[in-house]
Amino acid sequence: MTIRVIIVDDQAMVRAGFAALLSAQADIDVVGEAPDGRQGVQVSRSTHPDVVLMDVRMPEMDGLTAARELLDPPRGVVHRPKVLMLTTFDIDDYVYEALRAGASGFLLKDAPPADLIAAVRVVASGEALLAPSVTRRLIADFVQQRPAPRKDPALRLAGLTPRETEVLELIARGLSNQEIAGHLVLAEQTVKTHIGRVLAKLDLRDRAQAVIFAYEAGLVRPGDSG
């Protein structure tokens with residue numbers, strides 16, 4: 001199945017470079033691009049991509065606002081693409097808010113080409129892009145700069161079984177399903193079942209939101225080592 005992608009970035013050279021790289025892949029089709037968030041939302045609504053590569057800082061409408069519009073569309077709009085934020089280190093807080101809004105992850109704009117291609121495939125498959133250690137470190141930094149964990153997430157943890165809590169903690173530490181299975185000596189399919197139950201019980205969209213929830217609930221703390 002071909003992955004349909006649009007690229008939203010205010011730099012024409014970035015759009016052109018990413019489009020050329022992704023279009024060269026047999027399983028990826030770049031179906032549109034836009035120079036700002038507002039046009040990005042319009043292009044997404046007309047082309048129905050699987051993945052939107054969304055820059056954070058743009059004129060007219062920033063990537064965070066555009067991501068929110070795509071991930072929480074108005075009544076009557078049923079298409080919700082996966083959103084992969086493109087960022088640099090100096091705007092981490094925007095990325096945190098984007099993950100809270102439901103973005104599937106983020107990628108540094110100067111990442112190697114192979115990482116961009118892999119990221120599109122990972123996000124299109126329904127996974128959150130949270131494996132790289134830099135992502136875990138940045139998410140920890142986001143939470144560290146914020147108020148103490150609210151009571152609500154901690155209370156919601158009480159609804160999980162001990163095994164589900166353990167799985168959530170390992171997700172927050174950045175482990176893949178395969179790594180969690182090895183750590184807990186479980187079948188990978190069993191791990192997937194546990195993750196599905198965790199997301200359902202906590203009313204979370206995906207692994208990205210699960211990581212943030214785990215930090216906010218105090219299950220994992222900034223600086224903890226995996």
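Just so you know, these numbers come straight off a predicted model, no measurement behind them.
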E69 side-chain N/O to T65 backbone N/O, donor-acceptor pair under 3.5 Å:
no
For S44 and G40, indicate whether the former's side chain and the latter's backbone hold a donor-acceptor pair under 3.5 Å.
no
Please report the C-alpha distance between L64 and V56 in whole Å, then the side-chain angles of each, then the deciding distance to 0.1 Å, and finally whether the side-chain contact (heavy atoms from CB on, under 4.5 Å) criterion is met.
CA-CA 6 Å; L64 175 57; V56 173; 5.6 Å; no
Tell me, with the steps shown, if V8 and D36 meet side-chain contact (heavy atoms from CB on, under 4.5 Å).
CA-CA 6 Å; V8 185; D36 61 64; 6.0 Å; no
Would a distance-only check, ignoring hydrogens and angles, find a side-chain to backbone donor-acceptor pair under 3.5 Å from D50 to R4?
yes
Which one of V51, V30, V31 satisfies the side chain to side chain contact (heavy atoms under 4.5 Å, CB included) criterion with I6?
V31
Begin from the C-alpha positions of T2 and I28 and carry the test side-chain contact (heavy atoms from CB on, under 4.5 Å) through to its verdict.
CA-CA 5 Å; T2 302; I28 299 175; 5.8 Å; no
Indicate yes or no for a side-chain donor-acceptor contact from R15 to the backbone of D9 under 3.5 Å, with no hydrogens or angles considered.
yes
Quick test of your reading of the model: are D27 and R121 salt-bridged, counting only N-O distances below 4.0 Å?
yes
N/O donor-acceptor pair under 3.5 Å between H183 side chain and L170 backbone
no
Which atoms form the tightest heavy-atom contact between R80 and P73, and what is the distance?
NE-CD, 3.4 Å
Contact summary for L53 and L86, nearest pair of heavy atoms
CB-CD1, 4.0 Å
Checking side-chain contact (heavy atoms from CB on, under 4.5 Å) for the pair V43/E33: CA distance, chi angles, key distance, verdict?
CA-CA 7 Å; V43 171; E33 59 180 67; over 6 Å; no
Are the side chains of M54 and L70 in contact, using a 4.5 Å heavy-atom criterion?
yes
Please name the pair of heavy atoms, one in R38 and one in M61, separated by the smallest distance, quoted to 0.1 Å.
N-CB, 3.4 Å
Whether the side chain of T165 engages the backbone of T161 through a donor-acceptor N/O pair (distance < 3.5 Å, no angle test) should be reported.
yes
Is D55 salt-bridged to K109, going by a charged N under 4.0 Å from an acidic O?
yes
